[in-house]
J.: 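Could you have a look at this structure, given as structure tokens, before my questions?
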Amino acid sequence: MSQDELAEHPLARAVKEPPTAWDPQGIDITVPSIARVYDAILGGKDNFPVDRAVAEHLMQLAPRGRQSALYNRALLGRGVRFMAEQGVRQFIDLGSGLPTASNTHQMAQAAAPDARVVYVDNDPIVLAHGRALLAENEHTTVVTADFREPGSVLDHPDLTALINFDEPVGLLLFAVVHHIEDDEDPAGILAAYRERLASGSYLFLSHFVTHGEETRELEKVMLADLGRGRFRTLDEITAFFDGFDLQEPGVVYNPLWRPEEPLPETMTLTERLVAGGLGRRA
Ligand SMILES: C[S@@+](CC[C@H](N)C(=O)[O-])C[C@H]1O[C@@H](n2cnc3c(N)ncnc32)[C@H](O)[C@@H]1O
């Protein structure tokens, strides 16, 4: 995008002009955002030069990073369909990111048209784009909140308008827990969500996997450029399912979770970068 096009972009105008009732607020296009960098990696258009610079930096280290992100989105789709087939009709997608090709509500509502979906993200750009996408979908909404504060998410009036905690919920934490550090108590945060979930609910989570030297630079760049990024071992990721019964095949590299397509011939770092799992609350 040229400087002129950038200046004309609705979001660029939004930061220069006084906010109106519908304007996205709090969007700083000079600082990279996790949501926009991920959008850039996926090949989306809702990002700015500062985000693309970080995406390029990461993809110098992981040249097939887009494929890893696509594996992540594909896993999200398989798990949402699985939960819908098990009868789940309400989903909370924490750290949902910018709308992309196949979003949680589209996959859930394709399987079950009455499925309700609440997207939660702390980046206001997600709300700005989500509103446009969801203008006519009464079963879906976007809430701007920080998932590290479970009370402010679970008691948010827009969320409680759609979610009935007496019934099973599909709780998604996709590619987001690696943005919280150990001293922020991820296990305690997850426990707070778990306590509100009825029997038959699911936790569906994906997370960057550490591979020692192979991923050290990536982790450093994420920390330096985005301020957040914590790669964990498969055992550490599995521990996040405390209080849930892990469903087969457990926590595995993304392409290996209940694959619907032929498996990749080799498991390079692209395939091993992110792992996911699904747990059921008894
Ligand atoms: C890498 S993207 C993942 C998007 C989507 N879940 C997926 O897997 O395709 C991570 C998202 O989490 C959001 N995020 C990071 N920290 C968050 C927090 N503390 N509360 C809410 N959202 C957060 C970011 O804004 C970003 O949109």
Side-chain angles (χ1 to χ4, degrees), residues 1 6 11-12 15 24-73 76 93-100 119-130 142 144-149 153 172-186 189 205-233 236-237 240 254 269-270 272-276:
M1 198 184 280
L6 185 59
L11 290 174
V15 294
Q25 297 190 28
I27 293 169
D28 183 348
I29 64 167
T30 65
V31 176
S33 104
I34 295 170
R36 297 188 321 236
V37 169
Y38 185 66
D39 179 70
I41 291 173
L42 276 168
K45 293 191 167 46
D46 301 322
N47 50 74
F48 296 99
V50 71
D51 308 304
R52 292 196 281 280
V54 177
E56 276 161 27
H57 200 177
L58 290 167
M59 289 206 276
Q60 276 163 13
L61 298 167
R64 293 179 61 233
R66 179 165 300 165
Q67 182 58 48
S68 300
L70 290 172
Y71 282 137
N72 192 57
R73 295 299 304 179
L76 189 143
D93 187 347
L94 299 177
S96 52
L98 277 156
T100 175
Y119 292 111
V120 179
D121 204 288
N122 64 349
D123 191 327
I125 197 170
V126 173
L127 178 70
H129 285 260
V142 186
T144 301
D146 190 323
F147 88 93
R148 292 168 299 177
E149 295 162 13
V153 172
L172 280 78
L173 279 146
F174 247 62
V176 67
V177 177
H178 50 232
H179 295 304
I180 39 180
E181 299 299 326
D182 291 345
D183 62 10
E184 294 178 290
D185 189 19
I189 293 168
L205 182 149
S206 76
H207 196 292
F208 275 131
V209 182
T210 181
H211 293 285
E213 275 309 311
E214 244 185 322
T215 46
R216 204 170 315 283
E217 278 304 308
L218 269 176
E219 190 169 18
K220 270 193 204 160
V221 169
M222 284 188 55
L223 272 175
D225 291 357
L226 294 171
R228 302 191 151 269
R230 169 85 166 80
F231 288 48
R232 294 185 168 95
T233 63
E236 286 174 315
I237 299 166
F240 289 137
N254 279 359
L269 183 61
T270 306
R272 292 181 284 113
L273 196 57
V274 185

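Computed from a predicted model, the values in this text were never measured in an experiment. Side chains included, hydrogens not; waters and symmetry mates left out as well; all remaining heavy atoms used.
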J.: I'd like to know if the side chain of N254 and the backbone of G276 have a donor-acceptor N/O pair within less than 3.5 Å.
T.: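 Checking the backbone N and O of G276 against the side chain of N254, a donor-acceptor pair under 3.5 Å is found.
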
J.: State whether the side chain of N47 and the backbone N or O of G44 hold a donor-acceptor pair below 3.5 Å, judged by distance alone.
T.: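 Checking the backbone N and O of G44 against the side chain of N47, a donor-acceptor pair under 3.5 Å is found.
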
J.: Can you find a side-chain donor-acceptor pair between R232 and H178 that sits under 3.5 Å?
T.: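 There is no such pair (donor and acceptor under 3.5 Å, judged by atom type) between the side chains of R232 and H178.
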
J.: To the nearest 0.5 Å, what is the distance between NE2 on H207 and CZ on R230?
T.: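 Answer for the NE2-CZ pair, H207 versus R230, is 7.5 Å.
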
J.: How long is the straight-line distance from CZ of F48 back to OG of S33, given to the nearest 0.5 Å?
T.: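 With rounding to 0.5 Å, OG (S33) is 9.0 Å from CZ (F48).
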
J.: Any ion pair linking E219 and R228 (charged N to carboxylate O, less than 4.0 Å)?
T.: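 Salt bridge absent between R228 and E219.
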
J.: So which atom in V221 and which in L58 form the shortest heavy-atom distance, rounded to 0.1 Å?
T.: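 Minimum heavy-atom contact is CG1-CD2, 3.7 Å.
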
J.: Give, for atom OH of Y71 and atom OG1 of T270, the distance between the pair rounded to the nearest 0.5 Å.
T.: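 So the gap between those two atoms works out to 7.0 Å.
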
J.: Which atom names give the shortest non-hydrogen contact between D121 and G97, and what distance separates them?
T.: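 Closest heavy-atom pair between D121 and G97: OD2-N, 2.9 Å.
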
J.: Using side chain to side chain contact (heavy atoms under 4.5 Å, CB included), reason through V209 and L273 one step at a time and then give a plain yes or no.
T.: CA-CA 6 Å; V209 182; L273 196 57; over 6 Å; no

J.: Restricting to non-hydrogen atoms, name the atom on V176 and the atom on G95 that form the minimum distance, rounded to 0.1 Å.
T.: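 Scanning both residues completely, I find the closest heavy atoms to be CG2-CA, 3.9 Å.
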
J.: Tell me which one of N72, D51, T100 satisfies side-chain hydrogen bond (donor to acceptor under 3.5 Å, both in side chains) with Y38.
T.: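 Among the candidates, only N72 passes.
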
J.: Should the ring pair F208 and F231 be called parallel, tilted or perpendicular, given that the plane angle runs from 0 to 90° and is split at 30 and 60?
T.: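 Aromatic pair F208/F231 classed parallel.
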
J.: Would you indicate whether the side-chain heavy atoms of R216 and L61 approach each other to under 4.5 Å?
T.: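 Answer no - side chains too far apart.
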
J.: Rounded to the nearest 0.5 Å, how far apart are NE2 of H211 and OG1 of T233?
T.: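 So the gap between those two atoms works out to 10.5 Å.
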
J.: Check the pair D225, V37 against side chain to side chain contact (heavy atoms under 4.5 Å, CB included), reporting the backbone distance first and the verdict last.
T.: CA-CA 10 Å; D225 291 357; V37 169; over 6 Å; no

J.: Does any N or O in the side chain of D39 come within less than 3.5 Å of the main-chain N or O of D46, such that one atom is a donor and the other an acceptor?
T.: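 It does hold such a pair.
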
J.: Does some side-chain heavy atom of T144 sit less than 4.5 Å from a side-chain heavy atom of V126?
T.: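 No. Closest side-chain heavy atoms not under 4.5 Å.
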
J.: In plain terms, say whether R148 and E181 are close enough for a salt bridge, that is, a side-chain N and a carboxylate O under 4.0 Å apart.
T.: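 Not counted as a salt bridge, because no side-chain N and carboxylate O are separated by less than 4.0 Å.
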
J.: Roughly how far, to the nearest 0.5 Å, is the NE2 atom of H57 from the CD atom of Q60?
T.: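 Going from the CD atom of Q60 to the NE2 atom of H57 covers 6.0 Å.
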
J.: Walk me through it: do V120 and D93 pass the test side chain to side chain contact (heavy atoms under 4.5 Å, CB included)?
T.: CA-CA 6 Å; V120 179; D93 187 347; over 6 Å; no

J.: Between L70 and L42, which heavy-atom pair has the shortest distance, and what is it?
T.: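 In this case the closest contact between L70 and L42 is CD2-CD2, 3.8 Å.
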
J.: What are the two closest non-hydrogen atoms of V50 and P32, and how far apart are they?
T.: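 For V50 versus P32, the nearest heavy atoms are CG2-CD, 3.6 Å.
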
J.: Evaluate E56 against M59 for side chain to side chain contact (heavy atoms under 4.5 Å, CB included), listing each step before the verdict.
T.: CA-CA 5 Å; E56 276 161 27; M59 289 206 276; 5.8 Å; no

J.: Where is the tightest heavy-atom contact between R66 and A40, given as atom of each residue plus distance?
T.: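 Minimum heavy-atom contact is NH2-O, 3.4 Å.
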
J.: Can you tell me how far apart CG (L173) and NE2 (H179) are? Round to the nearest 0.5 Å.
T.: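 Going from CG on L173 over to NE2 on H179, the span is 11.5 Å.
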
